[in-house]
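Lettering follows sequence order; numbering is per chain, from 1.
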Amino acid sequence: MTKKERYDFLIGYFLEHRPKAETELVYTDPYELAVATILSAQCTDKRVNLITPAFFRKFPDADSLSHAPQEDVFELIKSCSYPNNKAKNLIGMAKSLIKDFSGVLPSDVEELMTIPGVGRKTANVLASVIYKKPAMAVDTHVFRVSARIGLTTGAKTPYQAEIQLVKHIPEQLIPLAHHWLILHGRYVCIARKPKCPECGLTSVCKYYQLLRKE
DNA sequence: ATCCCGAGGG
DNA sequence: CCCTCTGGAT
């Protein structure tokens with residue numbers, strides 16, 4: 001089984017089974033997606049979606065958020081992880097959006113990464129989801145699933161995995177492929193107890209082949 | 001005890 | 001490279 005065969009199988013499988021994979025974060029504009037994505041670090045999307053309605057009611061745009069007291073932001077997001085860091089970063093993000101980018105979220109990954117709270121993963125998510133750029137965001141799910149199936153080999157960091165994935169997936173499919181791997185990781189290829197019996201990728205999965213040998 | 005769409009700083 | 005931040009769910 002060559003690497004190309006794995007990728008071809010994966011792409012064929014998901015084009016058939018998840019042709020419309022997309023983010024589960026609830027948002028209505030780039031500002032809201034930026035907020036939701038920053039909040040999603042080490043936190044489930046479900047929990048983020050639970051608190052964002054109240055958040056967006058109180059801070060409907062970057063301007064209102066940029067003037068918010070950190071304590072008010074903290075109170076709204078405290079059930080997500082790292083509320084202190086995130087409150088500071090969210091306000092910083094809003095200020096940067098207004099001051100550095102005239103209120104318009106940039107589409108370039110390197111520019112996005114200059115925004116407080118926006119690292120490589122979040123920058124790739126925003127570039128991919130909002131601007132449909134071929135940016136592969138590698139989060140915990142993408143990293144784990146890619147390694148298990150064998151789409152990546154020996155990747156020690158999310159960035160190394162990103163390089164390998166981008167190299168083998170057609171540009172126009174990258175935004176879709178990102179969500180394929182996320183959703184597969186969330187609902188099937190779960191970290192602690194993967195549901196191999198209901199996974200359609202076992203025939204090409206390195207992890208599954210290893211399990212069967214034991 | 002381990003994981004959830006990580007980022008920033010040392 | 002490491003560490004810290006740090007709440008909720010399983």
Legend entry - Side-chain N,O (A:Arg47) to OP1/OP2 (C:dA9) below 4.0 Å: yes

Inset, instruction - For A:Arg192, report the nucleic acid contact type (base, sugar-phosphate, nothing); a contact means any heavy atom under 4.0 Å. - result: base

Inset, instruction - Taking only the side-chain heavy atoms of A:Asn85 (C-beta and beyond), determine which of B:dA7, C:dC5, B:dC5 contains the nearest atom. - result: C:dC5

Inset, instruction - Measure from NZ on A:Lys121 to C1' on B:dG8 and round the result to the nearest Å. - result: 16 Å

Legend entry - Gap in Å between the two C1' atoms, one belonging to C:dC5 and one to B:dC4, rounded: 15 Å

Legend entry - Gap in Å between the two C1' atoms, one belonging to B:dC3 and one to C:dT6, rounded: 13 Å

Legend entry - Given C:dT6, B:dC5, B:dC3, the nucleotide with the shortest approach to the side chain of A:Ala191: B:dC3

Inset, instruction - Map A:Val125 and A:Val118 onto DNA chain B by nearest heavy atom, then report which one ends up closer to the 5' terminus. - result: A:Val125

Inset, instruction - Quickly work out the A:Ile51 CD1 to C:dG8 P distance and round it to whole Å. - result: 12 Å

Inset, instruction - Report which part of the nucleic acid A:Val138 touches: base, sugar-phosphate, or nothing (heavy-atom distance under 4.0 Å, all strands). - result: nothing

Legend entry - Side chain A:Thr23 and base B:dC5 donor-acceptor under 3.5 Å: yes

Inset, instruction - Check the distance between B:dA7's P and A:Asn124's CG and give it to me in whole angstrom. - result: 9 Å

Inset, instruction - Please report, rounded to the nearest Å, how far the P atom of B:dG6 is from the CG atom of A:Leu112. - result: 17 Å

Inset, instruction - Quick one: label A:Ser81 by what it contacts on the DNA or RNA (base, sugar-phosphate, nothing), any heavy atom closer than 4.0 Å. - result: base

Legend entry - Integer-rounded Å distance: B:dG8 P and A:Ile91 CD1: 15 Å

Legend entry - Shortest side-chain distance from A:Ser79, nucleotide among C:dG8, B:dA7, B:dC4: C:dG8

Inset, instruction - Give a yes/no on whether any side-chain N or O of A:Arg120 is located under 4.0 angstrom from OP1 or OP2 of B:dA7. - result: no

Inset, instruction - Report the residue (A:Lys156 or A:Thr44) whose heavy-atom-nearest nucleotide on DNA chain C is the more 5′ of the two. - result: A:Lys156

Inset, instruction - Assign A:Pro158 to base, sugar-phosphate, or nothing according to its heavy-atom contacts below 4.0 angstrom with the strands shown. - result: nothing

Inset, instruction - Select base, sugar-phosphate, or nothing to describe what A:Lys78 touches, counting heavy atoms under 4.0 Å on all strands. - result: sugar-phosphate

Inset, instruction - Check the distance between B:dC5's P and A:Met136's CE and give it to me in whole angstrom. - result: 16 Å

Inset, instruction - Taking only the side-chain nitrogens and oxygens of A:His141, find out if one of them lies under 4.0 Å from OP1 or OP2 of B:dC4. - result: yes

Legend entry - Selection from C:dC5, C:dA9, B:dC5 that lies nearest to any side-chain heavy atom of A:Tyr82: C:dC5

Inset, instruction - Output yes when at least one side-chain N/O atom of A:Thr122 is less than 4.0 Å from OP1 or OP2 of B:dG6, else no. - result: no

Legend entry - Audit row: A:Leu183, A:Glu24, side chain to side chain contact (heavy atoms under 4.5 Å, CB included) steps and yes/no: CA-CA 9 Å; A:Leu183 295 175; A:Glu24 293 186 334; 3.6 Å; yes

Inset, instruction - Could you tell me whether the side chain of A:Lys193 and the main chain of A:Ile190 form a donor-acceptor pair under 3.5 Å? - result: no

Inset, instruction - Hey, which sits more toward the 5' end of DNA chain B by its nearest nucleotide, A:Ser40 or A:Asn89? - result: A:Ser40

Inset, instruction - Determine the interplanar angle of the A:His184 and A:Phe14 rings, folded into 0 to 90°, and report it as parallel if under 30°, tilted if 30 to 60°, perpendicular if over 60°. - result: perpendicular

Legend entry - A:Lys3 NZ: over 12 foreign heavy atoms closer than 6.0 Å: yes

Legend entry - Rounded distance in Å - NZ (A:Lys88) to C1' (C:dT6): 14 Å

Inset, instruction - Mark yes or no for whether A:Glu16, through its side chain, and A:Tyr13, through its backbone, hold a donor-acceptor pair below 3.5 Å. - result: no

Legend entry - Derivation of the side chain to side chain contact (heavy atoms under 4.5 Å, CB included) call for A:Ser81 and A:Lys86: CA-CA 8 Å; A:Ser81 296; A:Lys86 289 177 180 176; 4.0 Å; yes

Inset, instruction - Can you tell me the distance, in whole Å, between the CD1 atom of A:Ile115 and the P atom of B:dA7? - result: 12 Å

Inset, instruction - Would you classify A:Asn84 as touching base, sugar-phosphate or nothing, given that sugar-phosphate means primed atoms plus P, OP1 and OP2, and contacts are heavy atoms under 4.0 Å? - result: sugar-phosphate

Inset, instruction - Report which part of the nucleic acid A:Cys43 touches: base, sugar-phosphate, or nothing (heavy-atom distance under 4.0 Å, all strands). - result: base

Legend entry - Distance-only donor-acceptor check, side chains A:Ser96 and A:Asp100, under 3.5 Å: yes

